[in-house]
Protein chains: 2
Amino acid sequence: MPRSTVPPESKRTRAAHPSPELAPASAARERLAAWIAEKGLKATRQRDVIVDTFFSQTGHLSVDDLLNKVQARDANIGAATVYRTMKILTDAGLASARHFFDGQTRYEAALDRHHHDHLICTRCHAIVEFENERIEALQDAVARQHGFVVTRHKLELYGLCRACQTLQNPPR
Amino acid sequence: MPRSTVPPESKRTRAAHPSPELAPASAARERLAAWIAEKGLKATRQRDVIVDTFFSQTGHLSVDDLLNKVQARDANIGAATVYRTMKILTDAGLASARHFFDGQTRYEAALDRHHHDHLICTRCHAIVEFENERIEALQDAVARQHGFVVTRHKLELYGLCRACQTLQNPPR
DNA sequence: TTGAGATTGAGACTGATTCTCAATTTCGAT
DNA sequence: ATCGAAATTGAGAATCAGTCTCAATCTCAA
């Protein structure tokens with residue numbers, strides 16, 4: 001069952017030939033340190049654990065998933081701290097929040113990534129990312145026609161991925 | 001402050017020259033009656049009030065707004081009934097649920113309406129609808145490239161509407 | 001008119017997230 | 001290294017939209 005555009009092992013592969021997509025977790029940690037200094041925040045052990053855990057994952061991670069992984073490393077870290085830390089990462093531009101099929105916020109690493117949109121399988125919940133500048137251009141044109149200046153957008157395509165098209169179980 | 005593509009008075013205007021956009025509320029009531037019969041549901045006074053209230057509005061109505069207007073007509077109708085009724089309208093294809101900037105579900109009348117997407121002003125929350133078949137076609141093409149069969153999509157453009165571009169108050 | 005079954009309103013409940021607050025930790029100034 | 005103001009923490013309470021439960025009520029075909 002496909003779970004993400006980026007297969008797990010690619011994280012290791014990336015070190016070999018520099019990827020334009022995903023900066024290494026260490027870069028994220030540096031950027032966070034700069035942000036923390038700039039904003040008068042403080043570096044804490046908990047934040048380190050959460051940030052390391054987050055950047056060692058790929059794909060779109062729910063807070064709950066992240067919390068589980070974080071607590072596997074340090075059982076004393078609470079949910080509130082994970083929520084708070086992900087908000088800081090988002091403000092710092094290192095993560096971005098997404099809302100797909102369910103009510104949960106999912107985060108993806110955002111450092112040095114292009115804007116992209118998502119294809120979501122309604123059956124297995126695989127999430128595939130894509131970029132299409134012609135769509136973007138048309139969006140801008142439409143907005144201009146209506147006098148809008150667009151600052152962000154959300155484009156999500158829901159359907160069945162290749163694997164799920166042949167299966168008959170009802171989509172969730 | 002613009003609130004919707006469809007200005008309030010247009011509802012009356014539509015009767016003169018038949019609009020392809022919005023069927024009259026009476027047609028919706030008939031369709032609902034058919035749906036209720038088909039599904040073995042029952043017609044109730046509460047549902048009539050809610051459906052009449054809903055279809056006498058235009059634009060994108062939150063459950064809370066709708067509840068207020070419903071209770072102005074009958075203070076005894078509870079929130080749960082409004083939630084339940086809007087779900088029925090949605091199942092019957094007479095309303096469709098949308099999720100924009102905040103966590104609230106908003107409903108719009110769906111009877112005989114084309115699919116369309118939305119431009120949303122982040123400052124005044126005006127919602128403008130648009131259709132663009134070239135964007136739709138490109139979406140399908142992208143999905144096909146990734147082996148997906150798309151069943152629905154969500155495209156929302158967020159930014160500042162013409163009126164709000166000249167104002168300096170911070171966007172909400 | 002009757003009764004099975006649908007519907008209702010109120011309030012309890014849920015799940016995600018935020019808030020509160022006392023205890024703890026950080027870090028620049030000493 | 002120590003101090004202390006200010007930030008952070010975890011736990012649990014609070015919030016918020018929405019759903020569920022259940023006893024009382026209503027609908028409608030027979």
Side-chain angles (χ1 to χ4, degrees), chain A residues 29 32-51 53-54 60-68 70-92 95-107 125 172, chain B residues 29 32-51 53-54 60-68 70-92 95-107 125 172:
Chain A
R29 273 183 238 121
L32 179 63
W35 179 267
I36 279 180
E38 181 189 333
K39 297 290 173 184
L41 307 178
K42 285 173 180 172
T44 70
R45 180 182 42 80
Q46 289 90 331
R47 284 178 186 167
D48 287 346
V49 172
I50 294 165
V51 171
T53 305
F54 177 66
H60 302 78
L61 208 56
S62 70
V63 175
D64 206 54
D65 288 346
L66 181 56
L67 177 62
N68 286 333
V70 162
Q71 290 188 332
R73 292 212 212 174
D74 181 341
N76 295 319
I77 295 179
T81 302
V82 174
Y83 278 105
R84 290 187 280 232
T85 302
M86 291 316 294
K87 189 149 294 180
I88 291 173
L89 282 183
T90 303
D91 291 345
S96 55
R98 305 278 183 179
H99 298 89
F100 299 127
F101 39 87
D102 58 8
Q104 295 199 183
T105 301
R106 272 152 224 276
Y107 288 94
H125 294 171
R172 284 181 276 182
Chain B
R29 271 183 238 120
L32 180 63
W35 178 265
I36 279 178
E38 181 189 333
K39 297 291 172 183
L41 307 179
K42 284 173 180 173
T44 69
R45 180 181 42 79
Q46 290 89 332
R47 285 177 185 167
D48 287 345
V49 172
I50 294 165
V51 171
T53 304
F54 177 67
H60 302 78
L61 210 54
S62 70
V63 175
D64 205 54
D65 288 346
L66 180 56
L67 177 62
N68 286 335
V70 162
Q71 290 189 331
R73 292 213 214 176
D74 181 341
N76 294 319
I77 295 179
T81 302
V82 173
Y83 278 106
R84 290 187 279 232
T85 302
M86 291 317 295
K87 189 149 294 183
I88 291 172
L89 283 183
T90 303
D91 290 345
S96 55
R98 305 279 183 178
H99 299 89
F100 298 127
F101 39 88
D102 57 8
Q104 297 200 183
T105 302
R106 271 151 224 278
Y107 288 94
H125 294 172
R172 282 182 276 182

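Numbered from 1 within each chain, the chains take letters A, B, ... in sequence-line order. From a predicted model like this one, the values you see are computed outputs, not experimental measurements.
Considering B:V51, B:L32, B:I50 in turn, B:L32 is the only one that fulfils the side chain to side chain contact (heavy atoms under 4.5 Å, CB included) rule with B:I88.
Here D:dG12 presents its P atom at 13 Å from CG of A:N76, a figure rounded to the nearest Å. Whole-Å rounding puts the A:I77 CD1 to D:dA11 C1' distance at 15 Å. Rounded to whole Å, atom P of C:dT17 lies 16 Å from atom CZ of A:R98. What separates CG of B:D102 from C1' of C:dA16 is a distance of 15 Å, to the nearest Å. Distance A:F100 CZ to C:dA16 P: 17 Å, rounded to the nearest Å. Here the C1' atom of nucleotide C:dG9 and the CZ atom of B:R84 are 7 Å apart, to the nearest Å.
Under the 30°/60° scheme for interplanar angles, the aromatic rings of A:F101 and A:H125 are found to lie parallel.
The list of salt bridge (charged side-chain N to carboxylate O under 4.0 Å, His left out) pairs with a residue in residues 95-106 of chain A, not counting sequence neighbours, reads A:R98-A:E108, A:D102-A:R106.
OP1 or OP2 of C:dA6 has not a single side-chain nitrogen or oxygen of B:R47 nearer than 4.0 Å.
Residues passing the salt bridge (Lys or Arg N to Asp or Glu O under 4.0 Å) test with A:R45, sequence neighbours excluded: A:D74. By the side-chain contact (heavy atoms from CB on, under 4.5 Å) test, B:L67 is found to be paired with B:Q71, B:A79, B:V82, residues two or more places apart in sequence or in another chain being considered. With sequence neighbours excluded, the residues satisfying side-chain contact (heavy atoms from CB on, under 4.5 Å) with B:D91 are B:W35, B:K87.
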Mind listing the N/O atom pairs, protein and nucleotides 15-19 of chain D, below 3.5 Å?
from: D:dA17; atom 1: OP1; to: B:Q104; atom 2: OE1; distance (Å): 3.1
from: D:dG18; atom 1: OP1; to: B:T105; atom 2: N; distance (Å): 2.8
from: D:dG18; atom 1: OP1; to: B:T105; atom 2: OG1; distance (Å): 2.3
from: D:dG18; atom 1: OP2; to: B:Y83; atom 2: OH; distance (Å): 3.0
from: D:dT19; atom 1: OP1; to: B:K87; atom 2: NZ; distance (Å): 2.4
from: D:dT19; atom 1: OP2; to: B:K87; atom 2: NZ; distance (Å): 3.4

Give every pair of a protein N or O atom and an N or O atom of nucleotides 26-30 of chain C that lie under 3.5 Å apart, one pair per line with the distance.
from: C:dT26; atom 1: O3'; to: A:A43; atom 2: O; distance (Å): 3.4
from: C:dT26; atom 1: O2; to: A:K42; atom 2: NZ; distance (Å): 2.9
from: C:dC27; atom 1: OP1; to: A:A43; atom 2: N; distance (Å): 3.2

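A donor-acceptor contact shorter than 3.5 Å is absent between the side chain of B:R29 and the backbone of B:D48.
In this structure the side chain of A:L89 never reaches within 4.5 angstrom of the side chain of A:Y107, judged on heavy atoms.
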